Amino acid sequence: MSDLFDDPAPSDRPGQNAPEFTVSEISGEVKRTLEGTFGRIRVKGEVGRVFKARSGHLYYDIKDDRSVLACTTWKGQVASLSVVPEEGLEVVVTGRLTAFGAQSKYNMNVDEVAVAGQGALMALLEKRKKQLEAEGLFASERKKALPYLPQIIGVVTSPSGAVIRDILHRLRDRFPRKVLVWPVAVQGQNCAPEVARAIEGFNQLTPGGALPRPDLIIVARGGGAIEDLWGFNEEIVARAAAASAIPLISAVGHETDTTLIDFVSDRRAPTPTAAAELAVPVRLELMAWAETQGARLTRAAGQAVQMRRQRLNDLARALPKPDTLLETPRQRLDRISDRLPGALISGVQRRRVHLSETAASLRPAALRQLVQGRRDRLCNLSARLTLRPIQREMTAQREALARLSQRLDAAQKQRIDRQRQSLDAAGRQLDILSYKATLERGYAVVRSGEEILTTKSAAAKAGALQIEFADGRLDLEGGVAPAPKKAGATPPAEGGAGQGSLF
């Protein structure tokens, strides 16, 4: 028995007494060893190949100058990542090492990704900036003008910070306006999605509704490190600001801080307080300007009236006086008035003399002589008017009428001939299509009174039949009896008559 526990001889193969494992057992043991030994770890490296599967899982590599570590972020973990891995980005990933026994591989399940250092953040920012600029989101022609005096201002910021108080205080000092605050996280993982949703939410409001749509949006945050402001460098925030139909002012950080939203917004303010100053004018200054403009308008109107009055006076001095204008016509009227009585008397006298002269010539003998002269002239004209010209005219008209009648008869005859030919053609076509032509080919029509019979059963029920052939009709009494069958004879077809059929 002691030989069983002795060490094997040098000539024997080693490991003869080692336990045997199945492939699944050894894979499970390796997985448990990896997960138990390392637990939750952080790894720093450069992102290599990145692949997002249709299922939503994210597969990528973390590498250095000598090795590559495969990493996996499941679909449910991708949304919680503060930084989405991009190829060439230096990051620090946090997660757990595990093994995939089916292929004897190990990888790291990553649930948190952070950029390794400010230099990497700036490189990522520069890459995103170039990408969005290439798409035209920074172009000045797509930026919208700010409203001069918005009725409602939407503010996207944290409700508990000093930023919203500074904006409200500045608006109250300059020109009080209605303000809608959309509370968001201004740093951390939730910052970018909440800011993007806030911009989209303001754009989806209905103008004049229960919650009215703002005329202007201010996205504001106080100063901080680049890591604190990184949410405003995310691509979803920049695209939401670029797609906003409402004019947008970005006021993120201090004057020296620059984020991606500053380039796509319609106007950038160095501070949140400056954003409030850009949003509205100073009410007192506006009132003073309005009063100044009103005073200028009043002075301009007064000066214009004064200038026109002076011009009218100058033109009036160049005109003659009304009395001077009427002196000559008045004198002419006086002279005519003095001459009028004598002119009336003289005119009446001239007309009386003319009437006397005319009346002296109107004697009965003169009138009779005038009438006789007119009568003689009428007789002469009547004698000249004979029937010969009238007869010639009537003859010419009669000949013309005869010619027209001949032409009309010829045209009518031609038309009747054409109509007759067309009618004959139609008749021939009708004869071809008529059942009479069918009767000529040996068929017959069976009637019972006015009804045409097409079946044997109908003919059997009829009291009297009439068969129409091509050469006439034949009357039958008592219906149709079935024909007796003869040996060796083929019964005629139903409804047949000779070579034809009944229909």
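Every value quoted in this text rests on a predicted model; they were computed, and no experiment measured them.
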For the CD atom of Gln310 and the CG atom of Leu315, what is their distance to the nearest 0.5 Å? 10.0 Å

For the CG atom of Asp417 and the CD atom of Gln412, what is their distance to the nearest 0.5 Å? 10.0 Å

With a 4.0 Å cut-off on N to O distance, would you call Arg335 and Asp338 a salt bridge? no

Interatomic distance, NZ@Lys461 vs OG@Ser448, rounded to 0.5 Å, equals 12.0 Å

How about Glu194 and Val156: do any of their side-chain heavy atoms sit closer than 4.5 Å? no

Indicate yes or no: does Glu235 engage Arg239 in a salt bridge with an N to O separation below 4.0 Å. yes

Apply side chain to side chain contact (heavy atoms under 4.5 Å, CB included) to residues Arg177 and Leu149 and explain how you reach the verdict. CA-CA 9 Å; Arg177 298 282 87 184; Leu149 187 60; 4.0 Å; yes

May I ask you to test the Leu260-Lys129 pair for a side-chain heavy-atom distance under 4.5 Å? yes

May I ask you to decide whether Glu285 forms a salt bridge with Arg174, counting only side-chain N to carboxylate O separations under 4.0 Å? no

With the side chain counted from C-beta on, respond yes when Ile153 and Val280 share a heavy-atom pair under 4.5 Å apart, and no when they do not. yes

How many angstroms lie between atom OG of Ser265 and atom CD1 of Ile217, to the nearest 0.5 angstrom? 11.5 Å

Taken to the nearest 0.5 Å, the spacing of Arg213 CZ from Asn203 CG works out to 5.5 Å

Heavy atoms, side chains only, cut-off 4.5 Å: are Pro214 and Ile246 in contact? yes

Nearest heavy-atom contact between Ala269 and Ala274 is CB-C, 4.0 Å

Drop me the distance from Glu234's CD to Gln189's CD, to the nearest 0.5 angstrom. 10.5 Å

Please determine which of Thr157, Val195, Leu229, Val186 meets the side chain to side chain contact (heavy atoms under 4.5 Å, CB included) test together with Val252. Leu229

Heavy-atom nearest pair, Phe263 first then Lys143, reads O-NZ, 2.9 Å

Does any non-hydrogen side-chain atom of Lys178 lie less than 4.5 Å from one of Gln151? no

In this structure, are over 12 heavy atoms from other groups packed under 6.0 Å from Gln369 atom CD? no

